[in-house]
Engineer: 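If you scroll down you'll find the structure; I have some questions about it.
Proteins get letters first, then strands, A, B, ... in listed order; numbering begins at 1 in each.
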2 protein chains.
Amino acid sequence: MEVVHIGRLVASVTDDNNKIKTMQDILFDFISKYVSLTEDEKNALLSLDLFHSVKKGTILLNEGQKTQDNFFVLKGCIRVYYIIDGEEKTTAFYTEMVGLTPHCVRKKVPSDYFISCVEDCILLISNTDMSSKVNSKFPKFDAMCRMLSEELLVKQQIDFDEFKTSSPEKRYLNLLQKRPDLIQRVPQHQLASYLGIKPQSLSRLRARILEKSKD
Amino acid sequence: MEVVHIGRLVASVTDDNNKIKTMQDILFDFISKYVSLTEDEKNALLSLDLFHSVKKGTILLNEGQKTQDNFFVLKGCIRVYYIIDGEEKTTAFYTEMVGLTPHCVRKKVPSDYFISCVEDCILLISNTDMSSKVNSKFPKFDAMCRMLSEELLVKQQIDFDEFKTSSPEKRYLNLLQKRPDLIQRVPQHQLASYLGIKPQSLSRLRARILEKSKD
DNA sequence: ATAAGTCGTTCACTTAAGTTAAGAAATGAT
DNA sequence: ATCATTTCTTAACTTAAGTGAACGACTTAT
């Protein structure tokens with residue numbers, strides 16, 4: 001994995017109001033939705049040097065590999081996929097302000113999937129040892145992590161239920177509603193497998209929908 | 001919801017070694033896998049009167065209803081289903097030693113699904129207020145709950161990935177491996193919708209598999 | 001700049017799931 | 001015990017997804 005460490009203030013983007021924001025601003029804005037941090041706590045976070053810039057296509061985790069790293073997307077998009085019978089099966093896309101803890105972190109077994117960058121990304125990468133130290137020092141972080149994982153659990157259950165109860169076409173229309181950005185920024189064949197179908201079927205399905213909308 | 005409260009020691013089953021076990025034995029055996037309880041702690045748990053006997057077909061939670069109840073299955077099987085376009089869509093079965101916290105408990109919104117008993121059940125029903133009191137009094141419980149929800153999160157992610165990356169036939173074969181009891185104890189039309197297909201398709205699929213295995 | 005590879009779409013054909021209907025088997029209610 | 005209802009299976013037909021191949025558009029590497 002080739003990951004470039006970046007200074008806290010280097011990377012920046014313009015937000016909805018054309019205000020220039022550094023990645024650390026973005027991070028603290030996000031955190032403030034859950035807990036309020038003192039300057040000391042903010043500095044403690046920054047001193048960990050968690051910010052990383054990662055090039056499109058970089059593989060963050062290989063099948064068979066073990067890791068203790070957690071990934072939090074500040075900018076860009078990362079993707080989880082399996083290779084089953086020689087075929088890529090994408091099961092998740094993580095975009096801005098979403099975090100990913102690989103199974104193998106909790107289960108302490110080699111990963112059975114890959115994680116790679118769909119786009120150039122700016123990520124927070126923290127390993128579990130590190131975060132448990134921080135968490136015990138700053139109970140606030142621990143509280144936040146627990147909130148996040150509760151949120152995640154519910155969200156995942158709902159996503160799973162939606163997937164199970166929908167046809168591929170409904171899943172696509174649902175995605176169009178809920179994550180329209182994905183359809184633009186992600187290659188179609190990855191989207192197709194995320195919807196549980198082949199690229200050809202996705203093409204056809206889209207043509208079908210377009211045809212219907214004409215009437 | 002008609003739920004019969006039962007004494008701690010009344011209900012019993014015979015285990016694999018033909019030993020008679022009360023529901024409280026079963027509960028404490030389960031808990032001991034995570035934390036070890038003192039007699040005081042065990043008595044505190046029992047004093048809460050959590051054990052309930054529930055008849056097959058009982059609806060534990062209705063769509064549109066709010067609840068603070070958690071359900072833990074000591075014996076029997078409960079099922080989560082949606083009604084979408086007038087059709088039942090089953091998304092989960094919970095069997096022995098598995099717990100269920102409805103979405104609406106965490107999200108504080110009316111439920112968008114039903115929960116009902118597939119069989120006569122013996123359940124632990126605890127409400128969130130109660131358990132948070134117990135948890136703050138006995139940190140051990142809190143620790144156990146956190147372990148359980150971590151376990152659940154990983155398990156769910158894996159289940160979701162398996163579902164996404166499999167065809168209905170593979171899903172059925174997978175279920176046959178992992179939860180063979182379900183295929184016996186659950187009505188076929190509920191199983192079908194759990195697999196994401198219609199009952200007719202499940203019948204056909206089973207016939208197809210049988211046909212293949214003859215060769 | 002060119003060649004090789006990747007990606008998205010289209011087409012013809014195959015396979016599997018959805019739909020509608022009918023009948024047998026099991027279950028529940030009176 | 002009988003009747004009504006629900007459940008499961010089978011069948012014929014429809015619709016949608018899988019497969020294999022071809023083509024143009026776009027990248028990537030050299």
Engineer: Y172(B): what forms a ring pair (Phe, Tyr, Trp, His ring centres under 6.0 Å) with it, not counting sequence neighbours?
Structural biologist: none
Engineer: Measure all distances between protein nitrogen or oxygen atoms and nitrogen or oxygen atoms of nucleotides 25-30 of chain D, and list the pairs falling under 3.5 Å.
Structural biologist:
none

Engineer: Who are the ring pair (Phe, Tyr, Trp, His ring centres under 6.0 Å) partners of F28(B), not counting sequence neighbours?
Structural biologist: none
Engineer: Scan for ring-ring contact (aromatic ring centres under 6.0 Å, His included) pairs involving residues 173-202 of chain A, sequence neighbours excluded, and state none if there are none.
Structural biologist: F93(A)-Y194(A)
Engineer: Just by distance, with hydrogens left out, do R171(A) and S166(A) show a side-chain donor and acceptor under 3.5 Å apart?
Structural biologist: no
Engineer: Using only heavy-atom distances, determine whether the side chains of Y82(B) and D161(A) contain a donor-acceptor pair under 3.5 Å.
Structural biologist: yes
Engineer: Keeping to residues at least two apart or across chains, list the salt bridge (charged side-chain N to carboxylate O under 4.0 Å, His left out) pairs with something in residues 99-114 of chain B.
Structural biologist: E150(A)-R106(B)
Engineer: Under 3.5 Å, which donor-acceptor pairs do the side chains of residues 195-203 of chain B form with other protein atoms, sequence neighbours left out?
Structural biologist:
unit_1  : atom_1 : unit_2  : atom_2 : d
K198(B) : NZ     : E87(B)  : OE1    : 3.1
K198(B) : NZ     : E87(B)  : OE2    : 2.7
S201(B) : OG     : R204(B) : NH2    : 3.3

Engineer: Does D159(B) come within less than 4.0 Å of K155(B), counting only side-chain N to carboxylate O?
Structural biologist: yes
Engineer: Between dT19(D) atom C1' and D85(A) atom CG, what is the distance in whole Å?
Structural biologist: 15 Å
Engineer: Would you grab the first and last nucleotide of DNA chain C (5' to 3') that comes under 4.0 Å of any non-hydrogen atom in chain B?
Structural biologist: dA16(C) to dG28(C)
Engineer: Report the residues that fulfil ring pair (Phe, Tyr, Trp, His ring centres under 6.0 Å) with Y81(A), sequence neighbours left out, ordered by chain and then residue number.
Structural biologist: F114(A)
Engineer: If an axis is fit to five pairs at each end of the helix from dA1(C)-dT30(D) to dT30(C)-dA1(D), what is the angle between the two, to the nearest 10°?
Structural biologist: 60°
Engineer: For residues 114-125 of chain A, which residue pairs qualify under salt bridge (charged side-chain N to carboxylate O under 4.0 Å, His left out), counting only residues two or more places apart or in two chains?
Structural biologist: E119(A)-R185(A)
Engineer: Rounded to whole angstrom units, what separation is found between the CZ atom of R204(B) and the P atom of dA11(D)?
Structural biologist: 11 Å
Engineer: Contact list please: residues 179-201 of chain A against DNA chain D, heavy atoms, distance less than 4.0 Å, in numerical order.
Structural biologist: G196(A), I197(A), K198(A), Q200(A), S201(A)
Engineer: Who passes ring pair (Phe, Tyr, Trp, His ring centres under 6.0 Å) against F160(B), sequence neighbours left out?
Structural biologist: F160(A), F163(A)
Engineer: Between S132(B) and N135(B), does any side-chain donor sit less than 3.5 Å from a side-chain acceptor?
Structural biologist: no
Engineer: Select base, sugar-phosphate, or nothing to describe what R208(B) touches, counting heavy atoms under 4.0 Å on all strands.
Structural biologist: sugar-phosphate
Engineer: Is the closest side-chain donor-acceptor distance between D25(A) and T22(A) under 3.5 Å?
Structural biologist: yes
